[in-house]
Amino acid sequence: MRRTADMPRYDFQRIEPKWQDYWKQNETFKVDSFEAGREKLYVLDMFPYPSGSGLHVGHPEGYTATDIVCRYGRNRGKQVLHPMGWDAFGLPAEEYAIKTQTHPAVTTYKNIDEFRRQLQMLGFSYDWSREFATTDEDYYRWTQWIFLQLFDTWYDADCEWTGPDGRQRTGKGRPIAELPIPDDVQAAGDDAVRRYQDSKRLAYQHEAPVNWCSALGTVLANEEIVDGKSERGGHPVERFPLRQWMLRITSYADRLINELDDLNWSESIKDMQRNWIGRSTGAEVDFFVGDAADFESWKTWRSEAGFSEEPGDDVLRVYTTRPDTLYGATYMVIAPEHSFVEKLTTPEQKEAVDAYVKQASLKSDLDRTDLAKDKSGVFTGSYAINPVNGEKVPVWIADYVLISYGTGAIMAVPAHDERDWEFAVKFSIPIVTVVARKDSEDVTREPSSVFTEKGVAVNSGEYDGTPTDEFKALITARLHNSGLGKQAVNFKLRDWLFSRQRYWGEPFPIWHELDADGNETGLMRVDSPDELPVVLPEMEKFKPTGTPEPMLSTAPESWLYKTAEDGTKLKRETNTMPQWAGSCWYYLRFADPKNADCFLDPEVEKSWLPVDLYVGGAEHAVLHLLYARFWHKVLFDRGHVSTCEPFQKLVNQGMILGEADENGKAEKMSKSRGNVINPDDVVKDYGADSLRLYEMFMGPLEQVKPWSMKGVEGVYRFLARVWRMITDEFADEVRLNPAVQEAELSEEQERVVHKTIKAVTEDIEKLSFNTAISRMMEFTNEFSPQEVRPKSAMETLTILLSPFAPHIAEELWQLLGHDNTLAFEPWPTFDEAKIAEAEIEVPVQVNGKLKARIKVPAGSDNATIEEAAKQNSSVASNLEGKMIVKVVIVPGRLVNFVVKG
RNA sequence: GCGAGUGUGGCGGAAUUGGCAGACGCGCUGGAUUUAGGAUCCAGUGCCCGCAAGGGCGUGCAGGUUCGAUUCCUGUCACUCGCACCA
């Protein structure tokens, strides 16, 4: 019999819309209320920025993985929270607005509609009733509210407390009202108290060098600069000081490192975060720069007064991780921006110093990194006194020392630091060895190469012979006792620059007080929570001012100004928040998206949080994940959430590259290369189930892998084979294949069924979807040729397949005689006993080389197996005339004869 | 430079308390069916020698441990990602 065109076939174009409709009509995946006592599963995708170019094939990779976990979870009887939304503030919509005079909201919501259509076309089991965009007023109202929490919080680094998670910690974010006010501040009056409080808040204003990008018309966070250019667009960035909003993320640096330990994240992402935070321990040490004659009296005074919090203007304070090399400090360096530059510069050196400092200030970050290893610097003409040996050391200025790290000044030990070595060689500064390799006999005072490892002290007076680690601890303690230094910790992490000068972002709920002349006094007021949201003003032009003056400063006066009840004139803050703000807490809002009274009901929070599985691209390994963890910890400290970490398990999907060329080389997909695959086209040609299945079959989820249209065809063929295994391809209408019968499973069939259930189940648990799919292919290869295909086996496969290819699975489930969706059918179980074979094949080796395979009854004892092996003709001929030295038998796995002669 | 990761057929990949290397898919070869193409089905497919039986080689490379190594150890090379004058 031949197929004809009108006979039913695997018709995804009919099946897929049908079931998408069904799920929508029946609200199959909506979760209304939390059922106490039932296991919960909160699975989250990194929500997309709804760009104008639509969904990319990289999106469905992670989304399919989470969808499989969710659908599987429902079949396992869990209550599943699986939401989707939009990270919708951001530059592209605003750039488009500038070009076309269209309000960014219009573009944004249009793009969202397109993204939603594309995601629904792929059959993801989201609870769409929870959808929101970060640009919704109902949402950013609470983003502003959280900002007010940050504004209302100071970090008490010494507070010891036990959180609702039962863990003891030191350091806590506390309400600003609980901040102790020093007596002298109190005495200076209310305004002084307010300014003091403002200086301690987690959200504070700060005049600091910023990264200004004139092309984008905004300042950018350090994290948004790549190679001295803007991460977005690659535009040049200049640095100059500007008053900006900052978030005190550095207060949480230690907790952001420590609390990574218990998370189920890949070590490499944890490492990237640890690296980014960059904690180092060492010591701060004071070098005396006053009149040399006063050195001894200064030391005596210090040993009584102790190490001061502020260094004072007769000392140069340095930070070092190697206090054990103090005796080898042959010069010092201060950053060109250091406040001591002027004071330490002698008249003879003034001209050279001025020139150098000016040149350094003109260098952009790009220049500084480009010239990386080429050291430059200038001598100030002054000397400091080394506190441990009283020696005079020259003080230099060089831009390899950064003002933003440590104290902006270093002691240089050229013998044991590569940068100092280079500098000393270039400027002919003495180099003195103070650390030697252990057991090394000849220690030259002037070494021929730099030695940066640990060893034992030499040329270090009474400390000679002390091992590095011991010496570090010892000298730090002694410096502390004599008031000359103390142990110190430093981080690479900087406070987070939180303001932008663009329009399309959340306005700050902040007012600045104005004096009679309309100038800002520096004092601030906040909008009360019931005045939120502070809605973006309607505007017609979106072009940046071209200066660091924020866009919103051109907003209507009615939005910009008001008079407080006490008569004080107020001006609104005109910066907006960066795009990160909205994505810092969306996972919380998904649990309670419609709540009008609260950002998240505490009971709901305890039910659904934390996120059990979070899947997204590795490009967010530091920024988004670090920021979100920081906000979460602040909310935790303030009692708004009950867990200290938001995301229990994190998985980063690997990037999907374009199709490989004839040389087998695959490149990143990009418009300019013309190798972008559009999901719409794939769905049109092969269907959503094939796209989903293919993306999971390509290889391990976390791995980078190239696209292959032939591969899509491969999984499409598999689905068509499953279809033909269960349906009758020769009938005039869709109906069951006559081979599918109510029949008992044969022993062999039962074995295949149970083996497949076991493998697919375990693979899903491991997120090893590619191997799960190959197991189902094996099942199909086994059953397709059979003339009797028991219905129960077909039902089992249908359920196993349903998380991966839900549309075809629902359709087959219906054909197999079921009225309901299979979304909540119990997941099949397996019986280990039914997987075992009666007779097993055992490989036989002679001297580790495979010679034969023998069949023995399962559970045979070693003697039986050995005997059977010797009976094998091939083995026997290999053993002939040899002496058997040893027989290795691994029950059920292998036999190895070790022979001699 | 520092940190992390990855190297397996023509291609994507599978196999880890050390025990049959190459599951599954793609591609390729041959065959069946077909007016033809497509689709489908069957058989084969790591490399080398050989008509065959059979033999040799083989998980980036070089060593080591072991009866036995893709897996463990040492060294080395290549590629990818992240950070990059952080004292």
Side-chain angles (χ1 to χ4, degrees), chain A residues 2-3 9 227 266-276 278-280 282 318-322 325 333 368-369 371-375 398-402 404-413 416-420 422-423 490-494 618-619 621-622 652 654-655 660 664 666 693-694 697-700 702-715 717-718 720-721 724 729 759 768 770-778 780-781 784-785 841-853 874 885-899:
Chain A
R2 271 200 68 207
R3 280 199 48 88
R9 65 181 76 207
D227 293 335
S266 73
E267 261 326 294
S268 74
I269 298 286
K270 286 188 186 181
D271 258 352
M272 280 165 74
Q273 292 223 343
R274 290 189 193 109
N275 245 309
W276 191 266
R279 185 182 203 271
S280 79
V318 303
Y319 171 74
T320 177
T321 54
R322 293 292 299 272
T325 60
V333 183
R368 275 202 181 185
T369 45
L371 298 172
K373 299 296 171 201
D374 194 18
K375 297 283 177 293
D399 66 2
Y400 81 92
V401 170
L402 309 174
S404 55
Y405 186 79
T407 60
I410 62 160
M411 64 174 207
V413 185
H416 306 292
D417 181 281
E418 278 176 37
R419 296 150 298 179
D420 298 346
E422 260 178 67
F423 192 87
N490 261 295
F491 299 94
K492 289 192 215 173
L493 184 70
R494 303 267 75 90
E619 67 272 19
V622 274
N652 294 112
M655 202 186 347
L693 204 61
Y694 171 64
F697 188 60
M698 292 173 87
E702 301 193 57
Q703 197 165 298
V704 177
K705 37 207 180 273
W707 184 267
S708 158
M709 223 30 124
K710 287 286 187 191
V712 182
E713 268 177 51
V715 294
R717 279 204 281 270
F718 162 65
R721 227 159 46 234
R724 288 194 306 271
E729 61 177 317
S768 177
N770 54 331
T771 51
I773 293 165
S774 75
R775 298 307 195 143
M776 291 187 279
M777 289 172 167
E778 286 178 278
T780 308
N781 292 345
S784 286
E841 201 182 59
V842 179
V844 182
Q845 301 178 333
V846 175
N847 282 347
K849 301 236 180 215
L850 183 71
K851 294 297 172 190
R853 294 170 223 269
S874 165
V885 181
K886 190 174 171 185
V887 182
V888 180
I889 298 178
V890 185
R893 303 213 75 151
L894 134 157
V895 179
N896 186 15
F897 292 100
V898 185
V899 300

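Residue numbers start from 1 in every chain, and the chains themselves are labelled A, B, ... in the order their sequence lines are given, proteins ahead of strands. None of these values were measured; they are calculated from a predicted model. The figures that follow rest on heavy atoms only: side chains count, while hydrogens, waters and symmetry mates do not.
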Engineer: When we call it a touch if two heavy atoms are under 4.0 Å apart, what does A:S774 touch: a base, just sugar-phosphate, or nothing?
Structural biologist: base
Engineer: Using modelled atom types and a 3.5 Å cut-off, is there a donor and acceptor pairing between side-chain atoms of A:K886 and backbone atoms of A:N896?
Structural biologist: no
Engineer: Answer yes or no: is there a side-chain heavy-atom contact under 4.5 Å between A:T325 and A:M411?
Structural biologist: yes
Engineer: Here's a test of your reading of the structure: between A:Y319 and A:K705, which maps to the more 5' nucleotide of RNA chain B?
Structural biologist: A:K705
Engineer: Please report the distance, rounded to the nearest Å, between CD1 in A:I889 and P in B:rG18.
Structural biologist: 20 Å
Engineer: Have a look at B:rG9 and give me syn or anti from its glycosidic angle (syn if within 90° of zero).
Structural biologist: syn
Engineer: Looking at B:rA84, I'd like to know if its phosphate oxygens (OP1 or OP2) sit under 4.0 Å from a side-chain N or O belonging to A:N275.
Structural biologist: no
Engineer: With a non-hydrogen cut-off below 4.0 angstrom, is A:R274 in contact with a base, only sugar-phosphate, or nothing?
Structural biologist: nothing
Engineer: Are A:Y694 and A:E713 close enough that some pair of their side-chain heavy atoms sits under 4.5 Å apart?
Structural biologist: no
Engineer: For A:R724 and B:rA39, what is the distance between atoms CZ and C1' respectively, to the nearest whole Å?
Structural biologist: 8 Å
Engineer: Could you report the tightest heavy-atom contact between A:D420 and A:I410, atom names first, then the distance?
Structural biologist: OD1-CD1, 3.7 Å
Engineer: When the distance from CD of A:E713 to C1' of B:rG12 is rounded to whole Å, what number comes out?
Structural biologist: 15 Å
Engineer: Have a look at A:Q845 and say if it touches a base, only the backbone sugar-phosphate, or nothing, with a 4.0 Å heavy-atom cut-off.
Structural biologist: base
Engineer: What nucleic acid atoms does A:N896 come within less than 4.0 Å of, heavy atoms only: base, sugar-phosphate, or nothing?
Structural biologist: base
Engineer: What nucleic acid atoms does A:S708 come within less than 4.0 Å of, heavy atoms only: base, sugar-phosphate, or nothing?
Structural biologist: nothing
Engineer: With a 4.5 Å limit on heavy-atom distance, are the side chains of A:V898 and A:N847 in contact?
Structural biologist: yes
Engineer: Choosing from B:rA87, B:rA14, B:rC24, which nucleotide comes nearest the side chain of A:E778?
Structural biologist: B:rC24
Engineer: Separation of A:K851 atom NZ from B:rG54 atom P, in whole Å?
Structural biologist: 12 Å
Engineer: For A:K849 and B:rA21, what is the distance between atoms NZ and P respectively, to the nearest whole Å?
Structural biologist: 10 Å
Engineer: Base, sugar-phosphate alone, or nothing: which one does A:P785 contact when heavy atoms must sit under 4.0 Å apart?
Structural biologist: nothing
Engineer: Pick the C1' atom in B:rC77 and in B:rC61, then give their distance to the nearest Å.
Structural biologist: 7 Å
Engineer: Taking the side chain as every heavy atom from C-beta outward, state whether A:K851 and A:F897 have any pair of such atoms under 4.5 Å apart.
Structural biologist: no
Engineer: Please determine, for the side chain of A:L402, which listed nucleotide (B:rA14, B:rC24, B:rA87) has the closest atom?
Structural biologist: B:rA87
Engineer: If you assign each of A:Y405 and A:G699 to its closest nucleotide in RNA chain B, which residue comes earlier from the 5' end?
Structural biologist: A:G699
Engineer: Counting only side-chain N and O atoms of A:S280, is one of them less than 4.0 Å from OP1 or OP2 of B:rA87?
Structural biologist: yes
Engineer: Looking only at atom P, what distance separates B:rA21 and B:rG68, rounded to whole Å?
Structural biologist: 15 Å
Engineer: Look at all strands and tell whether A:D420 reaches a base, only sugar-phosphate, or nothing, counting heavy atoms closer than 4.0 Å.
Structural biologist: nothing
Engineer: Output the rounded distance in Å from CE (A:M709) to P (B:rC11).
Structural biologist: 22 Å
Engineer: Heavy atoms from C-beta onward define the side chain here; which of B:rG19, B:rC85, B:rC24 lies closest to that of A:L894?
Structural biologist: B:rG19
Engineer: Taking atom P in both B:rU80 and B:rG12, what distance in whole Å separates the two?
Structural biologist: 16 Å
Engineer: Whole-Å distance between B:rA84 C1' and A:Y400 OH?
Structural biologist: 17 Å
Engineer: Using a 6.0 Å distance limit plus a 45 degree cone around the ring axis, check whether A:K375 lies over the aromatic ring of A:Y400.
Structural biologist: yes
Engineer: Assign A:G714 to base, sugar-phosphate, or nothing according to its heavy-atom contacts below 4.0 angstrom with the strands shown.
Structural biologist: sugar-phosphate
Engineer: Check whether any side-chain heavy atom of A:V715 sits under 4.5 Å from a side-chain heavy atom of A:M777, and report yes or no.
Structural biologist: yes
Engineer: Please determine if a side-chain N or O atom of A:N770 lies less than 4.0 Å away from the OP1 or OP2 oxygen of B:rA14.
Structural biologist: yes
Engineer: If we call it a pair only when both distances are under 3.5 Å in a Watson-Crick or G-U wobble match, what pairs with B:rU29?
Structural biologist: B:rA43
Engineer: In the structure shown, which nucleotide is the Watson-Crick or G-U wobble counterpart of B:rG58, with both distances under 3.5 Å?
Structural biologist: none
Engineer: Have a look at A:V704 and say if it touches a base, only the backbone sugar-phosphate, or nothing, with a 4.0 Å heavy-atom cut-off.
Structural biologist: sugar-phosphate
Engineer: Taking only the side-chain nitrogens and oxygens of A:R775, find out if one of them lies under 4.0 Å from OP1 or OP2 of B:rA15.
Structural biologist: no
Engineer: Starting at atom CZ of A:F897, determine the distance to atom C1' of B:rG19, rounded to an integer number of angstrom.
Structural biologist: 15 Å
Engineer: May I ask you to say what A:R717 touches in the nucleic acid, namely base, sugar-phosphate or nothing, with a heavy-atom cut-off under 4.0 Å?
Structural biologist: sugar-phosphate
Engineer: Is there a side-chain polar atom (N or O) of A:K886 under 4.0 Å from OP1 or OP2 of B:rU66?
Structural biologist: no
Engineer: Distance between the C1' atoms of B:rG9 and B:rC47, in whole angstroms?
Structural biologist: 9 Å
Engineer: Establish, with yes or no, whether the OP1 or OP2 oxygen of B:rG13 is under 4.0 angstrom from a side-chain nitrogen or oxygen of A:Q703.
Structural biologist: yes
Engineer: Counting distance alone, no hydrogens or angles: does the base of B:rC11 have a donor or acceptor under 3.5 Å from a partner atom on the side chain of A:K710?
Structural biologist: no
Engineer: Considering Watson-Crick and G-U wobble pairs with both distances under 3.5 Å, what does B:rG19 pair with?
Structural biologist: B:rC67
